[in-house]
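In what follows, a structure is listed as structure tokens, so that the remarks can point back to it.
In what follows, chains are A, B, ... by sequence order, proteins preceding strands, each numbered from 1.
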Protein chains: 4
Amino acid sequence: MCISSSPSRRRGGTGGRPRSAEADAAILTATRAALVELGWSKLTMGDVAGRAGVAKTTLYRRWAGKNELVVDAVAVLFDELELPDRGSLMADIEGVVVQFAALLERPETKTALMAVIAESTRDEPLRERIRTLIVERQKRLVLAGRERAQARGELPASPASATGTDDLIFDVIAGAVVHRALVSAEPVDADWVQRFTALLLGGLGAAART
Amino acid sequence: MCISSSPSRRRGGTGGRPRSAEADAAILTATRAALVELGWSKLTMGDVAGRAGVAKTTLYRRWAGKNELVVDAVAVLFDELELPDRGSLMADIEGVVVQFAALLERPETKTALMAVIAESTRDEPLRERIRTLIVERQKRLVLAGRERAQARGELPASPASATGTDDLIFDVIAGAVVHRALVSAEPVDADWVQRFTALLLGGLGAAART
Amino acid sequence: MCISSSPSRRRGGTGGRPRSAEADAAILTATRAALVELGWSKLTMGDVAGRAGVAKTTLYRRWAGKNELVVDAVAVLFDELELPDRGSLMADIEGVVVQFAALLERPETKTALMAVIAESTRDEPLRERIRTLIVERQKRLVLAGRERAQARGELPASPASATGTDDLIFDVIAGAVVHRALVSAEPVDADWVQRFTALLLGGLGAAART
Amino acid sequence: MCISSSPSRRRGGTGGRPRSAEADAAILTATRAALVELGWSKLTMGDVAGRAGVAKTTLYRRWAGKNELVVDAVAVLFDELELPDRGSLMADIEGVVVQFAALLERPETKTALMAVIAESTRDEPLRERIRTLIVERQKRLVLAGRERAQARGELPASPASATGTDDLIFDVIAGAVVHRALVSAEPVDADWVQRFTALLLGGLGAAART
DNA sequence: CTGTAATCGAGACGGTACGTCGGGTCTTATA
DNA sequence: TATAAGACCCGACGTACCGTCTCGATTACAG
């Protein structure tokens with residue numbers, strides 16, 4: 001999470017004042033607030049420090065820069081996504097798509113996600129951080145959805161190269177929703193969700209029959 | 001393209017030195033070169049002016065800022081996408097997906113596209129500019145593909161709400177490819193393209209049967 | 001005075017906005033005001049810029065740093081020293097010593113002079129600047145005093161190595177007054193001035209008799 | 001010397017770990033070394049602490065700040081000045097002037113002395129510290145010189161207001177040498193010393209005849 | 001021996017200033 | 001009027017020191 005992963009116990013040394021754990025929370029909260037008010041490009045490290053009641057140096061001691069800080073601040077929001085059992089694969093997918101769309105509508109997410117991805121195209125460690133903290137963690141939703149559907153008999157059990165298919169489905173779902181919400185900038189409403197889910201399920205069904 | 005759409009002859013005035021048409025091209029070329037070398041976040045107006053052999057004033061007289069300039073510089077690259085007739089809907093889709101992925105691999109596109117989209121979440125005019133110059137223009141590819149497939153009899157003729165479906169397909173294709181290439185950061189290789197196209201076509205076929 | 005000596009016409013170029021001449025004056029005045037209020041060590045470039053109604057970059061475009069700026073700001077004060085004809089060498093010396101002591105009592109001078117001299121011990125260009133702008137310029141006072149005394153017949157005409165003697169006398173007068181005022185930190189009152197002048201004149205007279 | 005004069009036994013308390021006496025010496029030595037390498041303005045408390053193998057806290061527990069620390073570190077060097085009996089007043093003066101000039105040539109003295117004096121113009125306790133530890137202590141040299149000259153019969157016995165004259169002579173000698181060495185930045189060589197001493201003795205002789 | 005109390009090193013902390021950089025505006029002379 | 005040049009104001013950057021603080025770990029002397 002920080003430059004050195006755990007707030008306490010870094011570098012093996014014993015002495016020294018330990019890092020404030022409260023500061024971490026205050027900083028991340030302040031970062032999200034600043035994203036909401038100012039957006040990515042007008043967010044400044046100094047402003048975040050001020051909001052968090054913390055010195056600028058404290059920020060830089062823990063995060064290498066704005067990119068890393070924002071990734072950490074936003075990542076936790078993605079962990080709130082859930083996949084409640086709604087009885088059918090279609091309902092499960094619709095549920096998670098709606099949740100995901102709602103998350104992308106939140107101003108802090110909307111302004112930050114594309115920005116850090118843009119930065120990550122020229123910053124390999126940042127890309128890795130995004131993958132670890134955001135992308136890979138959410139694949140659990142696809143995994144859970146597939147396993148539940150298999151348990152229900154909606155999908156055949158463990159097809160070959162399930163991982164590859166999971167990844168494909170993840171890219172399709174996440175990509176389509178992000179593109180609809182942020183690029184096309186049109187609402188992810190019930191109608192769209194239904195049509196998208198139908199398209200996806202149709203594709204999955206066709207694949208199962210092959 | 002510029003603040004006042006046509007490079008020369010704006011504001012109806014008669015006298016005065018006309019704007020250099022060469023400068024426009026030089027600036028956009030310089031912008032793309034700077035994107036390649038520096039990426040979005042390190043590209044500066046001063047640097048672009050220097051590369052183009054132009055004063056900073058000249059840039060600001062024609063573009064409102066970095067965002068608008070980069071959108072214009074990158075938009076033209078998307079117009080190079082084509083949909084050659086490869087004999088079947090599947091081959092057509094695979095062809096355009098491969099082209100699109102190749103475009104997203106180019107460093108100037110990769111770094112700029114996500115960045116301007118991120119900016120556009122807080123800048124309505126910029127969003128409109130992106131839609132007009134980039135997004136909407138490429139929907140022609142979906143339209144052409146659908147019409148060609150209908151002509152071939154691969155798809156039923158003009159289903160209800162064809163526009164909505166076109167938009168959905170556009171979001172799915174563009175979104176999935178972008179997500180695969182930039183977010184998941186994994187290669188859009190022949191295998192992935194084939195699996196993705198199969199999924200999409202399966203969905204379209206299932207929809208057609210309904 | 002500035003990084004490039006004359007405000008206009010630097011680097012041979014013709015184009016570009018010329019440097020503001022008013023800014024120079026405002027900055028030097030602001031520097032003196034800041035010295036009075038804050039003293040040398042608490043004077044900051046940002047504060048001076050603020051007082052002068054000027055951007056920090058404008059300061060740095062013209063002066064390399066605090067040292068150079070303060071030397072320039074203070075140098076002009078030393079040029080106010082005069083040597084009015086008071087009728088005798090003794091009276092002339094007493095007059096200039098009193099003036100010099102008064103100058104050293106001014107808060108801007110007091111706090112700045114020793115500081116820049118201290119810095120100059122590790123900064124050859126700065127030392128040269130101090131010599132050129134402050135030290136050497138004031139030797140005119142010694143020169144004028146000697147010539148006037150010679151005209152009066154108080155001193156023998158053009159003794160050998162007059163320059164060396166002038167320098168010695170300059171070091172003795174300036175050094176003694178500075179030491180009394182700033183190091184011993186005791187008042188340069190009429191009594192002290194009289195005793196010091198008597199000592200100096202005695203020495204000069206003894207030398208003349210040799 | 002320290003905040004509480006003696007390294008050990010402060011505040012009357014009985015218990016507790018006593019302060020390390022070695023640390024004091026190490027810190028002052030480190031301070032002088034840092035002055036030599038870095039000069040006054042680039043010397044930092046952290047750096048001194050590092051050189052001395054001591055925590056920054058330890059420095060601040062003993063000295064109020066950089067100024068006080070440097071005064072203490074440098075003061076001891078001035079105590080090395082001596083006035084060996086060289087047989088005549090002129091030789092005695094020349095001897096002490098040469099010694100003093102040599103001291104001012106040492107890099108730690110050169111950079112520190114003017115700096116702390118500059119600071120002292122805005123810091124009364126610091127000025128007092130300098131007077132006590134450096135200035136007043138060296139007046140012993142003038143006193144000794146005068147008494148020895150009187151014993152030799154070179155000067156009349158105890159003239160009225162001897163103290164005032166001692167102070168005057170101290171300011172003249174110290175001031176002239178400092179000015180020559182640090183402001184004029186020219187060498188205090190044998191020739192200059194001889195001419196300066198002659199001037200001073202001439203003045204003293206003239207005063208004696210009055 | 002065992003507290004008690006002040007020391008020690010380490011290093012994080014809230015601040016302030018640094019000197020630089022980029023944004024976007026302006027003021028020149030020239031074309 | 002547009003242009004190249006470049007000075008201008010502004011605000012953010014990331015760093016360096018400041019002087020304070022909070023740790024766990026030593027010392028010493030007092031009981």
Query raised in the report: Would you say the base of dC18(F) and the side-chain of Thr44(D) have a donor-acceptor pair closer than 3.5 Å?
Result: no

Report task. Name the nucleic acid region contacted by Gly65(C), choosing base, sugar-phosphate or nothing; use a 4.0 angstrom heavy-atom cut-off, strictly under. Result -> nothing

Starting at [atom1] of [X] and ending at [atom2] of [N], how long is that distance when rounded to a whole Å?
X	N	atom1	atom2	result
Leu38(A)	dA12(F)	CG	C1'	13 Å
Arg61(A)	dA16(F)	CZ	P	13 Å
Arg17(C)	dT28(E)	CZ	C1'	9 Å
Tyr60(C)	dA17(E)	OH	P	12 Å
Trp63(A)	dG14(F)	CH2	P	15 Å
Lys56(A)	dT15(F)	NZ	P	10 Å
Asn67(B)	dG23(E)	CG	P	11 Å
Lys42(C)	dC18(E)	NZ	C1'	18 Å

Query raised in the report: Do any side-chain nitrogens or oxygens of Ser20(D) fall under 4.0 Å of OP1 or OP2 in dT7(E)?
Result: no

Query raised in the report: OP1 or OP2 of dA5(F) sitting under 4.0 Å from any side-chain N/O of Arg19(C)?
Result: no

Query raised in the report: Should Arg62(D) and Glu68(D) count as an ion pair when the cut-off is N to O under 4.0 Å?
Result: no

Report task. Would you mind telling me which residue lines up with the more 5' stretch of DNA chain E, Gly46(B) or Ala55(D), judged by nearest nucleotide? Result -> Ala55(D)

